[in-house]
Each structure stands twice: as C-alpha cells, then as structure tokens.
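Everything below concerns the one structure shown next.
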Amino acid sequence: MSGRIDVLVLDDEAAVASAAAGLFAELIRRKPNAVLGLATGSTPEPISAEMVHLYRDTGLSFAKARAFNLDEYLGLDGDHDQSYRFFMQKRLFDSIDIRAWNTFIFDGTALDPEQECRAYEAKIRAVGGVDLWLLGIGGNGHIAFNEPGSDPASRARVVTPDEETVKANSRHFADPSAVPTRAMTAGVGTILDARQIVLVATGAHKADAVAQALEGPRSSDCPASLLQEHPDCTFLLDSAAASQLC
Ligand code: F6R
C-alpha cells in the first residue's frame, strides 16, 4: 500500500470545518449506512457543529450510520464531563439522529481494558471497516493516543500518553492534576485500515507537527507521518497550520 497525502489549505477554521463535514455528508449521501471514524478535541468541535447544521437544515440523516471514536480515557465513566463519550454526546450524538447502539467508544470503566480493545477491533471488522476516519494531530505529531514511537502496525490497546499530551489536555480539566494518565486508543494500523482518512489541523501551534507529517520522513517519531502510506488521505489545514510547509 502506498499513497500521497492530498493537502488543502483553507482560509480559516470555519472553512476547514465545513470542508471536513462536507466529506462526511458526501459519504453518508452515497452510503447511508457508512461507518464513520470520529475524533474529539478542540479541532473537531466546529466540525461537529457543522454536522448538526447539516442534519437540521439540509436533512442529512445519520439514522443508518455507525460511528467509532478514536480513543477514551481509562478510568473515566461516560457521564464524566471530560470523558470522550460525554464530549461526543454533547457535541454531536444528542443533536443528530444517529442511533445510540450504533455509536462505539471504548468504555473507560471496562474491567478488562485489553479485552475492551480487542472487542473494539472485532466490532470494526464486523461492520466491514471504517469508511472515513477524521483525525486531529497533536503538537508532537500524535494521532489518536498513538504517541511518537508507536508501531505502524499497532492495534487498539491501552497506552500511557506522553507528558506533553497530558499537559496539553489538562486545559480542559478544572483540576489539571486530574487528567487520566492512561487511555485506550485505536492503533496506527487500525487507522490505516480505514478506506479514507481526513486529518484536520488549525492554528500555528500545529504548524511544526503538520510539516513533519507531510515533509518529514515516514517514521514512528512522528506518528502522523505514517499516514503517508495511506492511498486516500487528505490534510485539511488553515493557513496558520500550513505556515511551515515549503
Ligand atoms: C482526540 C484525539 C487526539 C487529538 C489531538 C489534537 O480524539 O485523538 O489525537 O486529535 O490531541 O487535539 P486538539 O484538536 O484538541 O488540538
């Protein structure tokens, strides 16, 4: 498998959100029971808002779609306001017609997290694989919670996010020391299996990671650079995130 990443540089965050949501809309119109791969974090927030707009104002229906999320903190219940399940319910799922039983996010309180990860992979296989996976990128080039050093063939597993990631994510927590130090994540291999991938990045703080991913060597040192081997991957960037590209 080999590919070339398509890059689209757009004016601002709103244009990136609209383009990303547009890709999902196009997919769902073509394939109503599509399997969506979703992400949390600040970058996808306006994308979720745009999807809600498409549902409310253009009749786009998610009723037959299935959705998998990239990751979840270990130890947080889905009702915890910093869990990724909570984020998805509030930002997207509660505002569209997707069926609850078609949304798959790791259970942060699973008694056997490794088994939870195996079950996640099995569910993805059972629905025929992910059609389109939305990704953000960390300042260190991580995708999902696949930190530098992650195996390109890695599958869903329990991980310990880097200190830098824990620190970056602490901005969302009232008590910064309460950020869980372990998580469950889709692996790099899980992500690369998707038929299509779209990575979104906005803001100058992402510019270095974006340049490494696109113009650096394909290496686990920058997990997002491993996307270079995917046959259908697009980066949607605002001009600030693209500012360090040659
Ligand atoms: C979230 C995720 C993370 C984020 C990344 C960027 O589900 O998988 O890899 O995409 O940390 O986060 P933001 O968008 O908050 O800068």
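We count ligands from 1, going down the list as the structure has it; atoms in each ligand are counted the same way.
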Does the side chain of [X] come under 3.5 Å of the side chain of [Y] through a donor N or O and an acceptor N or O?
X	Y	result
Arg85	Thr103	yes
His53	Asp57	yes
Asp131	Gln196	no
Thr58	Arg29	yes

(request) List for me each residue that meets side-chain hydrogen bond (donor to acceptor under 3.5 Å, both in side chains) alongside Asn169, sequence neighbours excluded, and say none if there are none. (result)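 Asn169 satisfies side-chain hydrogen bond (donor to acceptor under 3.5 Å, both in side chains) with Tyr73 only.
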(message) One thing to verify: whether Arg155 and Asp193 come together as a salt bridge, which I'm taking to mean a side-chain N less than 4.0 angstrom from a carboxylate O.
(response)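 Answer for the salt bridge query: yes.
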(request) At a heavy-atom distance under 4.0 Å, which protein residues reach ligand 1? Sort them by chain and number, would you? (result) Ala39, Thr40, Gly41, Ser42, Thr43, Pro44, Leu70, Asp71, Gly136, Ile137, His142, Ala144, Arg171, Lys206
